[in-house]
2 protein chains.
Amino acid sequence: MKPPEKAFSEYLASRNLKMTPQRRLILETFIQADGHLSSEELYTQVKSKDPSVGQATVYRTLKLFADSGIAEAVDFGDGLLRYELRYGQDHHDHLICDECGRNIEIVDPDIERLQEELARRYDFVLRRHKMYLFGLCKECRGKNQ
Amino acid sequence: MKPPEKAFSEYLASRNLKMTPQRRLILETFIQADGHLSSEELYTQVKSKDPSVGQATVYRTLKLFADSGIAEAVDFGDGLLRYELRYGQDHHDHLICDECGRNIEIVDPDIERLQEELARRYDFVLRRHKMYLFGLCKECRGKNQ
DNA sequence: CTCGATGCAAACGATTTGCAAAATT
DNA sequence: AATTTTGCAAATCGTTTGCATCGAG
């Protein structure tokens with residue numbers, strides 16, 4: 001599958017949008033950090049590499065990433081909008097540690113199948129879903145005993 | 001199980017908090033509307049009954065409902081905080097129509113069981129989860145054909 | 001009477017937008 | 001050269017908070 005850099009440039013080209021140093025830097029930083037960064041975390045990291053970059057540019061660029069399909073906005077319900085790189089088309093859900101914030105991407109075909117069944121039972125056609133599992137990971141259970 | 005009015009008064013009494021006409025009105029309106037109201041929707045409905053009630057009071061009271069356990073905050077990711085009455089302890093997930101906003105509360109023990117399994121596989125102890133299924137209900141599929 | 005509760009308006013925090021200047025094609 | 005992009009600051013939006021006043025117990 002296409003590397004995000006390439007997919008993004010192609011998207012820009014196809015829309016008469018421009019590749020700028022800021023966009024390059026933001027994408028590079030975003031890829032390096034490859035977790036689930038909030039806009040502000042990314043802004044902080046970007047600013048440490050180039051302090052002249054503005055907050056609004058980071059927000060605008062993340063939105064562009066989402067439009068281009070290389071990233072996806074995810075909402076953990078903590079008031080921050082996060083983005084994650086989309087590698088290909090694979091959908092996934094999240095297993096999140098309440099304590100350390102560790103975030104594991106999961107896919108469970110059995111659950112997805114049951115979701116479809118459930119929707120059918122209520123005569124819904126499913127378009128998408130969000131599933132977040134919150135708990136404590138092994139390490140964090142150890143810490144607080 | 002205890003009716004919400006009673007549970008709420010008891011909670012107030014136990015904490016030296018006071019039952020006021022505003023709180024009574026807000027709870028009554030909330031119960032009547034018994035869907036998944038956002039703070040502002042509830043505010044609008046309350047204000048139509050008593051225009052002197054302030055926005056802040058509604059926010060504060062909803063938070064109280066959540067603290068007292070008679071309501072729960074749910075976040076559909078649309079930027080609004082919603083609250084729903086908790087009848088007893090039953091947990092449930094949501095099946096939401098993208099078109100008309102219809103919201104069906106669902107519980108599927110099979111899915112819950114698979115979630116537990118999944119968590120165990122990654123050595124997590126699960127504390128809670130959020131699952132939202134989005135799609136189109138029968139009626140809305142009819143409309144736009 | 002004593003605190004807690006209220007309404008108002010100002011404050012908030014994350015995100016968005018208007019605008020004039022700067023940079024890409 | 002034309003048009004998009006940028007950085008800045010001001011604007012938004014939902015929600016929260018400070019404060020003086022009001023009211024429940």
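Below, each value reflects all heavy atoms present in this structure, side chains not excepted, and no hydrogens, waters or symmetry copies. Residue numbers begin at 1 in each chain, while the letters A, B, ... track the order of the sequences.
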Distance in angstrom units between [X] [atom1] and [N] [atom2], rounded:
X	N	atom1	atom2	value
B:D75	C:dA14	CG	P	15 Å
A:Y83	C:dA14	OH	P	15 Å
B:D67	C:dA5	CG	C1'	15 Å
B:I26	C:dA5	CD1	C1'	11 Å
B:Y11	C:dG4	OH	P	13 Å

Interface with DNA chain C, restricted to residues 41-49 of chain B and to heavy atoms under 4.0 Å: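 Within residues 41-49 of chain B, no residue comes under 4.0 Å of DNA chain C.
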Contact boundaries on DNA chain D for chain B, cut-off under 4.0 Å to non-hydrogen atoms: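 With heavy atoms of chain B under 4.0 Å away, the range is D:dG14 to D:dG25.
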Could you tell me the separation between the [atom1] atom of [X] and the [atom2] atom of [Y], rounded to the nearest 0.5 Å?
X	Y	atom1	atom2	answer
A:F76	A:S38	CZ	OG	10.5 Å
A:Q32	A:L27	CD	CG	10.0 Å
B:L133	B:I96	CG	CD1	8.0 Å

Sorted by number, the residues of residues 52-60 of chain B with heavy-atom contact under 4.0 Å to DNA chain D: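 Within residues 52-60 of chain B, the residues near DNA chain D are B:A56, B:Y59, B:R60.
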Verdict with reasoning, A:Q45 to A:L37, per side chain to side chain contact (heavy atoms under 4.5 Å, CB included): CA-CA 10 Å; A:Q45 296 199 16; A:L37 287 179; 4.2 Å; yes
Residue-phosphate contact under 4.0 Å: B:T20 side-chain N/O, C:dG4 OP1/OP2: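 Answer is no, no contact under 4.0 Å.
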Below 4.0 Å: OP1/OP2 of C:dT15 and any side-chain N or O of A:K63: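 Result: no.
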NZ/B:K49: more than 12 non-hydrogen atoms of other groups inside 6.0 Å: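 Buried by this count: over 12 neighbours within 6.0 Å.
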B:R15, CZ atom: more than 12 neighbouring heavy atoms under 6.0 Å: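 Open.
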For A:E112, side chain to side chain contact (heavy atoms under 4.5 Å, CB included) partners two or more places apart: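 By the side chain to side chain contact (heavy atoms under 4.5 Å, CB included) rule, A:E112 matches A:H91, A:D93, A:Q115, A:H129.
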Ring-ring centroid check A:Y83 A:F65, cutoff 6.0 Å: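 Centroid distance A:Y83-A:F65: not below 6.0 Å, so no.
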Upstream residue (5' side of DNA chain D) when B:L17 and B:S39 are each assigned their closest nucleotide: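 Its nearest nucleotide lies further toward 5', so the answer is B:S39.
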Set of residues satisfying ring-ring contact (aromatic ring centres under 6.0 Å, His included) with respect to A:Y59, sequence neighbours excluded: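 Testing A:Y59 for ring-ring contact (aromatic ring centres under 6.0 Å, His included), a comparison that skips the adjacent residues, returns none.
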Upstream residue (5' side of DNA chain C) when A:L80 and A:Q22 are each assigned their closest nucleotide: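 Looking at DNA chain C, the more 5' nearest nucleotide goes with A:L80.
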Using atom types as modelled, flag every donor-acceptor pair under 3.5 Å from a side chain in residues 16-24 of chain B to any protein atom, sequence neighbours excluded.
from, atom 1, to, atom 2, distance (Å)
B:T20, OG1, B:R23, N, 3.1
B:R23, NH1, B:K18, O, 2.8

Face-on cation placement of A:R127 at B:F134 ring, 6.0 Å and 45° thresholds: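 Verdict for B:F134: no cation-pi partner in A:R127.
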